[in-house]
2 protein chains.
Amino acid sequence: MEQTAPQKGTVTQRAIEQIKAMIGEGLLEPGQRLPTERDLATQLGISRSSMREAIRALTVLGVLEARHGSGIYVTQLDAGDLLETFGVVADLSRGPRLVELLEVRRVLESTATALAAARITPGQLAEVELHLAAMAATDDPEEILSHDLAFHRAIAKAAGNDTMAAILDGLSSRTFRARVWRGYQEEGAFERTGREHARIHRALVARDPEAARAAAAAHVGEVEAWMRGQLDAEELA
Amino acid sequence: MEQTAPQKGTVTQRAIEQIKAMIGEGLLEPGQRLPTERDLATQLGISRSSMREAIRALTVLGVLEARHGSGIYVTQLDAGDLLETFGVVADLSRGPRLVELLEVRRVLESTATALAAARITPGQLAEVELHLAAMAATDDPEEILSHDLAFHRAIAKAAGNDTMAAILDGLSSRTFRARVWRGYQEEGAFERTGREHARIHRALVARDPEAARAAAAAHVGEVEAWMRGQLDAEELA
DNA sequence: CAAGCCGTAGTGGTCCGACCACATCTCTGG
DNA sequence: CCAGAGATGTGGTCGGACCACTACGGCTTG
């Protein structure tokens, strides 16, 4: 009698689409609490198991958030929430795709750095300098990695485009970065990296977008070139 | 006794990480078939329900693919597979974030178009021209939309960076594009769009990367400006 | 002998009902 | 008035049953 959906795909898939549609149509606002799993399952006419799978799917996509004992909530739908999954791409990529990833990062990072040079506030600049100093003050690779990430993240944030910053964040996921640094440090590339960071910093201080763009592009380009070299070496082996 | 994992997070979450790790470490190759859900659940010491949720999660991430009656397989892990989820970002974004999305797209699309101008093959150029002609030959908005998407997709593909192409694809998801076109056509912007496409095409034929970059940036920039105008109008209302 | 049909075993898909772990509110006792 | 103990409701996990579909093999048939 009530034939709302004409049977396409699995029930779970349908449930995912329906909830997504509800959010898209504004029926569910960011931060809002959803009915319980049991109620939702009843409403959509499916079992709780299937509903749970749908919820799990939307959870990993950063659309929903399940709090044990409390309920299911729509996330803020921030760029960061939705783009968190981007990290798995970097983690699971290998070979030629790593170069492609770096190519994309070079394009975005140089643009973001240029924008940051024009827009960065004194407070944001101070944070950038903090990470820069921290990197120079230690020899612990783990710590350097952390501040390297934070350094670029702070710059991306200062560019004023959260979406771009979130993508860059995913493009530089921790495990991805760690893989690069591991082989990187054996070639005594720390000094050169430090110089490149300093160059980027100078451009930000000078509020020179063109210089910032060039410095950032060169910085990522170095890693890119190194990665290409690694791939060629592997091929010969 | 055998305390392999020291209880962190939910069981399902752990299962997701474990399978992801297996793939990351090369224990599971692209295209390979996994054990059955029942066996996997036993191996990881969890129930089938939890295992199914983990599989569902990795499925929506484009890492695994479940074929009813056949088994579970690792995808090719292509950029397209992994970045399919990117579309939901575009679908669920609203307001200012749409502008940010277009800003990212402008940066990437202009770069991709420039690369395409340098690398495009005659065959690829022919496909681009096919969609260009198809757009000019019809008045059906639906069909124009399809060929508009295909036009840009073909160019991105010709740039030779599949990852970048996949991101651009997500950035121009169908529903996102449809929303723009709907209001766009009321302002008789078809002609201008046509001219912009022609300009891009000329640059490709001339194999002029700089011209291609400029044309693509201007093209996306137009949409960007229109979107900004829409937002301002909404604010006043 | 070869080609096609068909049955069967095995797989993912769905459902159910029970119980556990945790968060939150309420009610009690000081 | 407040702190703590309990009750309630929520998501998390489990086990088992059955359905829908695929793939494979043997069987029939030409």
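The figures here come from the full heavy-atom set of this structure, side chains too, leaving out hydrogens, waters and symmetry mates. All chains are named by letter (A, B, ...) in the order of the sequence lines, taking the proteins before the strands, and each is independently numbered beginning at 1.
Note that CD of B:Gln32 is 12.5 Å distant from CD1 of B:Ile72, once rounded to the nearest 0.5 Å. Separation of atoms CZ (A:Arg38) and CZ (A:Arg52) is listed at 9.5 Å; rounding is to 0.5 Å.
One interatomic measurement links the two molecules: CZ of B:Arg56 to C1' of D:dG12, which rounds to 18 Å at whole-angstrom precision. Counting to the nearest Å, the C1' atom of C:dT14 and the CD atom of A:Glu53 are 9 Å from each other. Atoms CE (B:Met51) and P (C:dG13) sit 14 Å apart, rounded to a whole Å. D:dT13 atom P lies 8 Å from atom CZ of B:Arg14, rounded to whole Å. Taking atom CG of A:Leu34 as the reference point, atom P of D:dG11 lies 9 Å away to the nearest angstrom. At whole-Å resolution of the value, CD in A:Glu37 and P in C:dC16 are 15 Å apart. In this structure, CD of A:Glu65 is placed 16 Å from C1' of D:dG12, rounded to the nearest angstrom. Computed from coordinates, the B:Arg33 CZ to C:dG12 C1' distance equals 10 Å when rounded to whole Å.
Contacts of A:Ile72 with the nucleic acid, taken as non-hydrogen atoms under 4.0 Å apart, involve only primed sugar atoms and P, OP1 or OP2.
Residues A:Glu65 and A:Arg67 are in side-chain contact: their nearest non-hydrogen atoms beyond the backbone lie under 4.5 Å apart. A:Asp148 places none of its side-chain heavy atoms less than 4.5 Å from the side chain of A:Arg153. In this structure the side chain of B:Ser172 reaches within 4.5 angstrom of the side chain of B:Leu149, judged on heavy atoms. With contacts defined as side-chain heavy-atom distances shorter than 4.5 Å, the pair B:Val74/B:Leu64 qualifies.
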Nucleotides 4-9 of chain C: protein proximity per nucleotide (B base, S sugar-phosphate only, - neither; heavy atom, under 4.0 Å):
------
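Here ring-ring contact (aromatic ring centres under 6.0 Å, His included) pairs that include residues 139-159 of chain A, with residues two or more places apart or in two chains, are A:His131-A:His147, A:Phe151-A:His197, A:His152-A:His197, A:His152-A:His219. Applying the ring-ring contact (aromatic ring centres under 6.0 Å, His included) test to residues at least two apart or on different chains, the pairs with a partner in residues 77-100 of chain B are A:Phe86-B:Phe86.
With sequence neighbours excluded, the residues satisfying side-chain hydrogen bond (donor to acceptor under 3.5 Å, both in side chains) with A:Thr111 are A:Arg213.
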Between N or O atoms, less than 3.5 Å apart, protein on one side and nucleotides 19-24 of chain D on the other: list the pairs.
from	atom 1	to	atom 2	distance (Å)
D:dA20	N3	B:His68	NE2	2.9

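Distances from the side chain of B:Arg52 to the nucleotides D:dC14, C:dT14, D:dG11 place C:dT14 closest. Considering only side-chain atoms of A:Thr12, the nucleotide from D:dC14, C:dT14, D:dG11 that sits closest is C:dT14.
Taken residue by residue, residues 40-48 of chain A places heavy atoms nearer than 4.0 Å to DNA chain C at A:Ile46, A:Ser47, A:Arg48.
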Residues B:Ile167, B:Met164; criterion side chain to side chain contact (heavy atoms under 4.5 Å, CB included); working and verdict
CA-CA 5 Å; B:Ile167 295 177; B:Met164 196 179 294; 5.8 Å; no
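Side-chain to base pairing of A:Ser49 with C:dC16: one donor and one acceptor N or O lie within less than 3.5 Å of each other.
Using a 4.0 Å cut-off between charged nitrogen and carboxylate oxygen, B:Lys20 and B:Glu17 count as a salt-bridge pair.
Using modelled atom types, one finds no donor on one side chain facing an acceptor on the other under 3.5 Å when comparing B:Glu53 with B:Ser50.
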